[in-house]
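Remember, it's a predicted structure, so these values are computed and weren't measured experimentally. These values consider heavy atoms only, across backbone and side chains, with no hydrogens, waters or symmetry-generated copies.
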Amino acid sequence: MNGWLMKSEPDTFSLDDLAARPNQTEPWDGVRNYQARNMLRDQMRVGDPILFYHSNCAVPGVVGLAEVASAPRPDPTAFDPEARYFDPKSDPSRPRWYLVDVRYVRHLRRTIPLAELKGAAKGALEGMPLVRNGNRLSIMPVNSAQWAFILGLEELAQPLNQGVAP
DNA sequence: GCCAACGTTGGC
DNA sequence: GCCAACGTTGGC
């Protein structure tokens, strides 16, 4: 089973917002990037685990877990001229953009900051788009080793490389 | 608020 | 098909 990391700006839609939704589930609309679209449309399966990431905020980082709760389907906001993410080039007979439903699972016991994850950019998280400078991909795959590494940080009060009192 | 990195658009 | 201009993302 493939894991994923999905970014959201907490001012727009936070993990708390997801937890407060009916069924704690929300259609993940508005993805307008082809690379993200392809992964979403072609590879996501119901039950895939998701790292929920807060971007563009005071402490960007992984804040919780979610899961894919539906098969991919066309994103209806692309057809709606009133919607922010309206795309006149997406036609219901040949949809250009897709979404899945995302369901809340739990908050992490602490936020795992991007700054901390970057410490592993040359190690356990080598090659992960998240830790590359200037990366804007809002959906990315997380393999099982990366998943285990990131969740392994949850229980640490401090990053490993900051040491502890003797 | 600044700005680097990147994706998309459109002229040619 | 190239590439400059532009707009957006997102860390800091």
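For the side-chain contact (heavy atoms from CB on, under 4.5 Å) test, residues two or more places apart in sequence or in another chain that qualify with A69(A) are T25(A), D101(A), R103(A). Every residue was checked against the ring-ring contact (aromatic ring centres under 6.0 Å, His included) condition with W4(A), not counting sequence neighbours, and none meets it. Remark: Y34(A) pairs with W97(A) by the ring-ring contact (aromatic ring centres under 6.0 Å, His included) rule, at least two apart or across chains. Shown here are the side-chain contact (heavy atoms from CB on, under 4.5 Å) partners of S14(A), two or more places apart in sequence or in another chain: P10(A), D16(A), D17(A), H54(A). In this structure Y104(A) satisfies the side chain to side chain donor-acceptor pair (under 3.5 Å) test together with H107(A), sequence neighbours excluded.
Using a 4.0 Å cutoff to heavy atoms of chain A, the contacted part of DNA chain C runs 5' to 3' from dG7(C) to dC12(C).
Across the interface with DNA chain B, nearest-nucleotide mapping of N133(A) and Y34(A) shows N133(A) to be the residue nearer the 5′ end. A residue-by-residue look at K118(A) and G134(A) shows that G134(A) has its nearest nucleotide of DNA chain C further toward the 5' end.
Using a 4.0 Å heavy-atom cutoff across all strands shown, N56(A) reaches at least one base atom of the nucleic acid.
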